[in-house]
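Just so it is clear: chains get the letters A, B, ... in the order the sequence lines come, proteins before strands, and each one is counted from 1. Below, each value reflects all heavy atoms present in this structure, side chains not excepted, and no hydrogens, waters or symmetry copies.
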Number of protein chains: 4
Amino acid sequence: MLVSEHRRGPVRSEAARVAILEATARLFQTRGYDQLTMEGIAAEAHVGKQTIYRWWPSKGALVADCLLEGLLFREGFSPADTGDLRADLIAWLRGILAFVDREGGVSMVHSLIAAAGDHPSVGLRLSEGLGANQLLRARFESAVAAGQLSPDRPLDELGDAFVGAVVLRALSRTPTDAGTAVRLVDAVLGA
Amino acid sequence: MLVSEHRRGPVRSEAARVAILEATARLFQTRGYDQLTMEGIAAEAHVGKQTIYRWWPSKGALVADCLLEGLLFREGFSPADTGDLRADLIAWLRGILAFVDREGGVSMVHSLIAAAGDHPSVGLRLSEGLGANQLLRARFESAVAAGQLSPDRPLDELGDAFVGAVVLRALSRTPTDAGTAVRLVDAVLGA
Amino acid sequence: MLVSEHRRGPVRSEAARVAILEATARLFQTRGYDQLTMEGIAAEAHVGKQTIYRWWPSKGALVADCLLEGLLFREGFSPADTGDLRADLIAWLRGILAFVDREGGVSMVHSLIAAAGDHPSVGLRLSEGLGANQLLRARFESAVAAGQLSPDRPLDELGDAFVGAVVLRALSRTPTDAGTAVRLVDAVLGA
Amino acid sequence: MLVSEHRRGPVRSEAARVAILEATARLFQTRGYDQLTMEGIAAEAHVGKQTIYRWWPSKGALVADCLLEGLLFREGFSPADTGDLRADLIAWLRGILAFVDREGGVSMVHSLIAAAGDHPSVGLRLSEGLGANQLLRARFESAVAAGQLSPDRPLDELGDAFVGAVVLRALSRTPTDAGTAVRLVDAVLGA
DNA sequence: CAGTAACCGAGACGGTACGTCTTGTCTTCCT
DNA sequence: AGGAAGACAAGACGTACCGTCTCGGTTACTG
């Protein structure tokens with residue numbers, strides 16, 4: 001006895017889905033989140049507006065999906081493991097800060113923060129994108145194993161502290177200098 | 001003989017200025033930053049739109065001014081100094097997290113984050129409003145003097161780490177539990 | 001027993017055809033021509049849109065078919081033949097004007113006029129539906145035979161004049177009074 | 001005794017009003033009523049859509065205003081007064097029928113009928129535009145004075161009968177031949 | 001004390017984008 | 001193959017705000 005609940009009619013068009021996400025990513029990167037419009041995306045993707053609204057409730061959800069598909073963050077910021085936690089974290093933070101300071105980096109982060117305001121999962125992905133949380137946590141665990149980090153430190157919160165500080169700088173547009181990464185690591189880890 | 005550069009005509013109306021800021025604060029608190037519109041503010045303040053645009057360039061600037069006037073944040077979050085740094089920080093964080101979790105707190109913080117995206121100084125004021133930076137720094141200095149905190153730790157960055165972690169939680173709407181404050185303090189300070 | 005003429009494959013579904021026409025009539029009468037949509041008809045008839053487009057080119061054609069099937073006009077307005085042409089015409093016109101003035105009558109006629117704009121045959125059917133042209137012409141012929149109407153009057157055009165005047169009133173929403181029918185008959189026929 | 005109740009603020013822009021009406025007339029004549037869109041009018045008039053909606057509630061009202069301004073009907077169809085009522089009416093009807101049959105004439109009338117469906121006053125103006133009602137009535141009065149027309153005939157309804165018959169022909173797209181005007185006059189007036 | 005320049009409220013203006021609706025075509029599965 | 005369901009591209013709908021400009025009317029300094 002089969003019956004298997006079945007829908008009739010055409011199925012979601014993968015071509016349209018991809019075109020929409022790619023158009024969104026393209027426009028997000030070139031114009032930023034605020035300038036991103038549903039109409040612009042529809043035009044760029046050669047798609048009817050209704051096709052967007054059928055599958056995504058909002059601009060934020062669309063950007064969140066782009067993040068999930070990895071269309072916005074090409075680069076991952078994974079901390080190296082040279083055995084020296086402090087050096088590795090400094091290097092990792094410098095990478096992130098360089099990205100943020102780079103042409104378009106600030107506005108990129110700002111756009112993501114704005115998008116996070118509209119859609120919760122963007123915030124989660126933002127942490128992961130910047131901090132590569134899993135990798136960061138792995139690095140911390142390695143440091144704990146090596147005796148460089150007290151096992152008492154809650155590692156997720158430790159990651160949040162670093163990533164949060166970076167986000168806060170971006171929010172307040174505090175300029176970064178050469179020593180910023182070092183100071184931040186020393187502040188949190190102790191010198 | 002100083003020609004005394006002088007303007008003719010009436011001078012800026014204090015009544016209008018105050019009405020606009022108060023209308024902005026009122027609408028910001030009830031509807032949030034996104035729902036805040038220049039037209040709405042003008043109507044609420046019984047003021048012409050031009051009177052707003054004459055003195056403020058943007059919605060963000062208006063909100064920033066509200067912050068400066070103390071119309072948005074009634075409460076300050078100042079850490080106590082009982083001699084026990086860890087306990088004081090935990091208490092302070094709990095206060096902030098309770099505020100954020102409270103009815104309307106999340107959206108308040110989100111609105112401020114959104115406003116910060118539009119206007120840099122909102123970001124600065126946000127840090128200060130949440131973290132009361134001066135006070136926090138003072139508490140850290142007291143801890144250094146008491147030998148509870150290594151003098152090597154850059155104190156500004158230490159504050160950023162705490163406030164940043166809170167902002168990050170708000171951004172990703174990560175739910176808070178009873179242990180969050182403790183874990184965050186232990187993560188950053190060491191247990 | 002004449003099975004005769006058989007196509008293979010499924011043949012046009014009579015059930016669908018009828019369901020579509022009835023849905024159209026139902027919606028036309030309740031919502032009017034402007035509110036009538038292909039999507040609405042398809043939904044009301046539990047039919048795919050394509051099934052409509054396969055057999056009818058437009059909304060107007062659909063309404064025209066409804067008229068042909070007699071699904072829109074239940075009532076016919078046939079002039080009586082009491083021997084008194086003037087009285088018969090006045091009675092007949094009063095019936096039509098009462099229908100038009102009645103609840104929903106104006107919008108009914110307006111909808112038909114709109115449909116006539118989209119599809120020529122609706123216009124023809126409109127004349128017939130309102131004026132019952134054949135019957136009206138028969139009444140005129142009877143009057144000619146009775147010597148009440150000059151044989152020189154072109155009878156089709158005479159009918160058009162009456163029906164046209166009614167349509168024009170509907171178009172301009174000129175209100176009707178008790179004497180309208182009398183005046184119209186006297187205007188055209190002479191008192 | 002001063003203080004006459006006064007509105008403050010800018011006054012309605014005559015330039016915009018005229019541009020909108022002229023754009024409407026232009027598009028109405030070239031594309032017809034159905035193809036006429038508010039967006040198209042706004043674009044053609046170089047005007048924001050809101051400026052249209054601020055002053056006109058609908059497309060029909062806009063077309064009605066165009067009629068009132070005389071932007072749609074250049075030509076008036078005024079019956080001559082040669083002393084021969086029948087000949088004058090035939091000539092007048094031939095002019096109208098020629099206009100309707102002419103390139104674009106049918107669609108023009110159809111468009112006006114459609115517009116009349118949307119907006120009552122278009123219907124009134126339609127009668128006037130086609131029938132020049134005042135002038136027609138004046139011609140009838142002259143005929144009554146000359147003893148060519150019974151004083152018992154209600155003259156307004158007489159005009160309606162003629163104009164209505166023409167509208168009805170346009171609605172049903174009944175083709176016109178050389179004798180149409182003659183037959184119509186004879187039908188209504190008697191030979 | 002008249003002139004005049006900048007303020008004020010109100011709100012119309014040209015625009016952009018919104019989210020919804022309908023059209024007519026296309027695609028998929030089911031009977 | 002025909003029919004139901006419904007996704008698709010297109011584009012009009014009417015609304016909400018944007019930031020600018022234009023009105024009269026109202027100060028308050030200047031000559």
Mind checking whether [X] and [Y] have side chains closer than 4.5 Å, heavy atoms only?
{"X": "B:Leu36", "Y": "B:Val63", "value": "yes"}
{"X": "C:Tyr33", "Y": "C:Val122", "value": "no"}
{"X": "C:Gln35", "Y": "C:Phe28", "value": "no"}

Within a reach of under 6.0 Å around CZ of D:Arg173, are more than 12 heavy atoms found that belong to other residues, nucleotides or ligands?
yes

Atom-pair distance ([atom1] on [X]; [atom2] on [N]), nearest Å:
{"X": "B:Trp56", "N": "E:dC7", "atom1": "CH2", "atom2": "P", "value": "13 Å"}
{"X": "C:Ile52", "N": "E:dT22", "atom1": "CD1", "atom2": "P", "value": "14 Å"}
{"X": "B:Asp118", "N": "F:dG19", "atom1": "CG", "atom2": "P", "value": "10 Å"}
{"X": "B:Asp34", "N": "F:dC17", "atom1": "CG", "atom2": "P", "value": "12 Å"}

Residues in residues 37-50 of chain A with a heavy atom under 4.0 Å of DNA chain E, by number, are A:Thr37, A:Met38, A:Glu39, A:Lys49, A:Gln50

What residues 15-29 of chain C contributes to the DNA chain E interface at heavy-atom separation below 4.0 Å is none

DNA chain E nearest-nucleotide lookup for A:Tyr53 and C:Lys59: closer to the 5′ end is A:Tyr53

Exercise answer: donor-acceptor pairs, residues 46-54 of chain C side-chain atoms, under 3.5 Å, sequence neighbours excluded:
| residue | atom | partner | partner atom | Å |
| --- | --- | --- | --- | --- |
| C:Lys49 | NZ | C:Glu39 | OE2 | 2.7 |

Does a salt bridge link D:Glu69 with D:Arg125, judged by any charged N lying under 4.0 Å from a carboxylate O? no

Interatomic distance, CG@A:Leu112 vs CG@A:Leu67, rounded to 0.5 Å, equals 5.5 Å

So CG of C:Asp34 and CG of D:Asp118: to nearest 0.5 Å the spacing works out to 6.0 Å

Query raised in the report: Quick one: is F:dA9 close enough that its OP1 or OP2 comes under 4.0 Å of any side-chain N or O from A:Thr51?
Result: yes

On DNA chain F, more 5' by nearest nucleotide between B:Pro57 and D:Leu36 is D:Leu36

Residue set satisfying side chain to side chain donor-acceptor pair (under 3.5 Å) with D:Gln29, at least two apart, ordered chain then number -> none

Practice prompt. Flag this pair as yes if the NZ/CZ of D:Arg12 is under 6.0 angstrom from the six-membered ring centre of D:Trp55 and inside a 45 degree cone about the axis; otherwise no.
Written response: yes

Heavy-atom contacts, protein to nucleotides 1-6 of chain E, under 4.0 Å, summarised as B (base), S (sugar-phosphate only) or - (none) per nt, yield --BSBB

Sequence neighbours excluded, the answer for salt bridge (Lys or Arg N to Asp or Glu O under 4.0 Å) partners of C:Glu22 is none

